[in-house]
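Values reported hereafter were calculated over all heavy atoms of this structure, with side chains retained and with hydrogens, waters and symmetry mates removed.
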Amino acid sequence: MAGTSDVATEKCSPAESLGVMKLNDHKAGMQGLDTAKINQIIEEASKGSQFYQHKQKNQERINAKIANLKASCAKLSEEQKKLGRAKMDSLARKLELMRDLSRTIVHVDMDAFYAAVEMRDCPELKTKPMAVGSSAMLTTSNYHARRFGVRAAMPGFIAKKLCPELVIVPTNFPKYTEVSRQVQKVFADYDPEFSAASLDEAYLDITDFLIARKDAGAEMTAAEAVEEMRAKILESTQLTASAGIAPNGMLAKVCSDKNKPNGQFVLENTREAVMEFIKDLPIRKISGIGNVTEQLLGSLGVGTCRDLWDKRELLYLLFSESSYDYFLRVALGIGSFGGDGSERERKSVSCETTFRSTSEHEELCDIIRQLSNDLAQDLERLGLTGRSVTLKYKTDKFDVKTRITQLLDPTRDGAVIAKAALSLLPVGLHLRLLGVRMSQLTSPAVTGNNNSSRKQRTLDELLLAAECPARKKRKLDAQVSNSLTEPDPTTTTPLLFTCPVCHSWRTSDGEVALNSHIDECLNQQVLYPETTSTGCSSSQAKLDRYVIRRAK
DNA sequence: TTGTGCCTC
DNA sequence: CAACGAGGCACAA
């Protein structure tokens, strides 16, 4: 919700690079507005500012990229295209084999969450256009405000020009966190392992819940279950939620937007239903395709998922492996990972702050020291130390740079972090933002050899157990999958596992050998697809991981 | 490894 | 007057 996604920069001719600031109006509650008038006001308020100039420069870079892409495209021979199409068709067959229609995934999204909470707690606001945030930036707006073009990721002072009577309420994170906890309690009734994507959004797999109901003689449809869940959320929080029900997270997310607010949408678990749904879907609706990707693909004539399929040979020939793999998954309506909110290990911790632009060295040093102390506290709270310190800074022209340095030993000492970060600070620049990040994280609480990933994971589990059982479980799952490619050095017994395709037992004789074995199996499966129908869902999961590794 | 860019909420 | 903050991943050199 609190989107930072840049205001949609719709296609604009290179000649007049105006329109860089255009309103992003393809979200819920924004249909049928006088966008011309709104855009004019936004343009007016932005023109000439450093931010605006930065946006323009950025758009020019994108335009150059597009020109490049088009040039490469024009050079392609028919021969190459034919080959590219064949490659993609082969990949598509593999993906098709892994298509899993056995699960019922739900994406739940609270409606205008922060704004809804504030309206609930202050009824006078209900009839007024209001937004949560500050004059510098809004995180959410209510539906009344959206009629004026006021939306998340818009600076409050511009929103005021669009809607002078707009009430701006400051954010109250502790409150939203508390409400979020209540909502998540309801989620847990339907999937104890649900995965929270943010305070107001989560992915649930209700397959087992539905089976349990049926076994108990109280069968209900997915739609009924989700209606009930949303009613429970309303009851316990007085807030409405929208939901999407689909065979995978990627599609469920799109579906939850369909009948927003206070609605839901079911996509049947059949290939036909999925392909019909995906056909005319604008690619921008898919999580992971943002402003830039939309423009790049748009320049190739790709606007919908069907276009993605029709032009698949171009994707293969012009983009990286992980990109065309992802695009093909989208074109086929097959979920990918990460986009479905699966839990991941934390890789970094950071603090940053924006301030009135200055070039005063001592002032900047003070800010870095402050940030370093804040970061040290966060690390302390999380029970982590780290070995890499990154300094991030943004100039008054909005250019962002990062510099990184390695420490000799992992630390969470604020003074040590500050010293490292200060050494990265360039002199004589006008800056408006500074940030300090710690990465290469390790857990220091293990005495002695603190680099053992085995011990680290164990400790993470202990820490996680305190906060959320579902997360703990997911971590353990991740650990199991890791053992597939990273044999635990502390054990001497060789690991055994079954090939997800042929189900034969294999020893862990290395990732390469394993992958080539699976490749062989898959190729055979493509020739004899009928043999795959027996594959159970757990082998599906392993296959998914296999593809992740290959894509990398 | 270092640094940038894109993307998400 | 005035355009966030935190985090992950891909990619290139």
So which nucleotide from C:dG8, B:dG5, C:dA3 ends up closest to the side chain of A:Arg61? B:dG5
Taking any heavy-atom pair under 4.0 Å as a contact, classify A:Val400: base, sugar-phosphate, or nothing. nothing
Side-chain N or O of A:Ser388 closer than 4.0 Å to phosphate OP1/OP2 of B:dT1: no
Tell me which nucleotide among C:dC4, B:dC6, C:dA3 gets nearest to the side chain of A:Ile158. C:dA3
Without decimals, in angstroms, what is the distance between A:Glu201 CD and C:dA6 P? 20 Å
Can you check the A:Leu199 CG to C:dA6 P distance for me, whole Å? 14 Å
Would A:Asp121 and A:Lys175 pass as an ion pair if we require N to O under 4.0 Å? yes
Contact nearer the 5' end of DNA chain B, comparing A:Val292 with A:Thr405: A:Thr405
Counting heavy atoms from C-beta on, name the nucleotide in B:dC7, C:dG7, B:dT2 closest to the side chain of A:Asn291. B:dC7
Kindly say if A:Ser46 contacts the phosphate of C:dA3, meaning a side-chain N or O under 4.0 Å from OP1 or OP2. no
For residues A:Thr237 and A:Gln182, is any side-chain donor paired with an opposing acceptor at under 3.5 Å? no
Any side-chain N or O of A:Lys394 under 4.0 Å from OP1/OP2 of C:dA3? no
Side-chain atoms of A:Lys253 come closest, of C:dG5, B:dT8, C:dG8, to B:dT8
Given C:dG7, is OP1 or OP2 found less than 4.0 Å from the side-chain N or O atoms of A:Lys347? no
Here's a test of your reading of the structure: between A:Thr353 and A:Ser135, which maps to the more 5' nucleotide of DNA chain C? A:Ser135
Rounded to whole Å, NE2 of A:His54 lies from C1' of C:dA2 at a distance of 17 Å
Length of the line joining A:Arg356:CZ and C:dC4:C1', which is rounded to integer Å: 18 Å
What is the separation between atom CZ on A:Phe51 and atom C1' on C:dA2, rounded to the nearest whole Å? 11 Å
Taking the six-membered ring for Trp, are the ring centroids of A:Tyr326 and A:Phe319 within less than 6.0 Å of each other? no
Any idea how A:Phe51 and A:Phe398 line up, ring-wise: parallel (<30°), tilted (30 to 60°), or perpendicular (>60°)? perpendicular
Describe the nucleic acid contact of A:Leu296 in one word from base, sugar-phosphate, nothing, applying a heavy-atom distance below 4.0 Å. nothing
Check whether any side-chain N or O of A:Ser348 sits under 4.0 Å from OP1 or OP2 of C:dG8, and answer yes or no. yes
Measure the distance from CE on A:Met438 to P on C:dA6 and round it to the nearest whole Å. 15 Å
Would you mind telling me which of B:dG3, C:dA3, C:dG8 lies closest to the side-chain atoms of A:Phe157? C:dA3
The answer to which of A:Cys351 and A:Phe398 contacts DNA chain C further toward the 5' end, by nearest nucleotide, is A:Phe398
Base, sugar-phosphate alone, or nothing: which one does A:Lys161 contact when heavy atoms must sit under 4.0 Å apart? nothing
Does one side chain, of A:Ser256 or A:Asp109, offer a donor that lies under 3.5 Å from an acceptor on the other? no
Would you mind reading off the distance between A:Arg346 atom CZ and C:dA6 atom P, rounded to a whole angstrom? 11 Å
Rounding to a whole Å, what distance do you find between A:Glu345:CD and C:dG8:C1'? 13 Å
Would the base of C:dA10 count as contacting A:Ser323 through its side chain, where contact means a donor and an acceptor less than 3.5 Å apart? no
Ignoring backbone atoms, establish whether A:Arg403 has a side-chain N or O less than 4.0 Å from OP1 or OP2 of B:dG3. no
When you measure from the side chain of A:Arg432, which nucleotide among C:dG5, C:dA3, B:dT2 comes out closest? C:dA3
Once the angle between the rings of A:Tyr176 and A:Phe173 is folded into 0 to 90°, is it parallel (under 30°), tilted (30 to 60°) or perpendicular (over 60°)? perpendicular
Going through the checks in order, is the salt bridge (charged side-chain N to carboxylate O under 4.0 Å, His left out) test met by A:Asp325 and A:Arg329? CA-CA 6 Å; A:Asp325 182 87; A:Arg329 285 164 181 280; 2.9 Å; yes
Establish, with yes or no, whether the OP1 or OP2 oxygen of C:dG7 is under 4.0 angstrom from a side-chain nitrogen or oxygen of A:Ser350. yes
Tell me whether the side-chain N/O atoms of A:Gln406 come closer than 4.0 Å to OP1 or OP2 in B:dT2. yes
Looking only at atom P, what distance separates B:dT8 and C:dA3, rounded to whole Å? 24 Å
As a test of reading the structure: which of C:dA10, B:dG3, B:dC6 is closest to the side chain of A:Asn58, going by heavy atoms? B:dC6
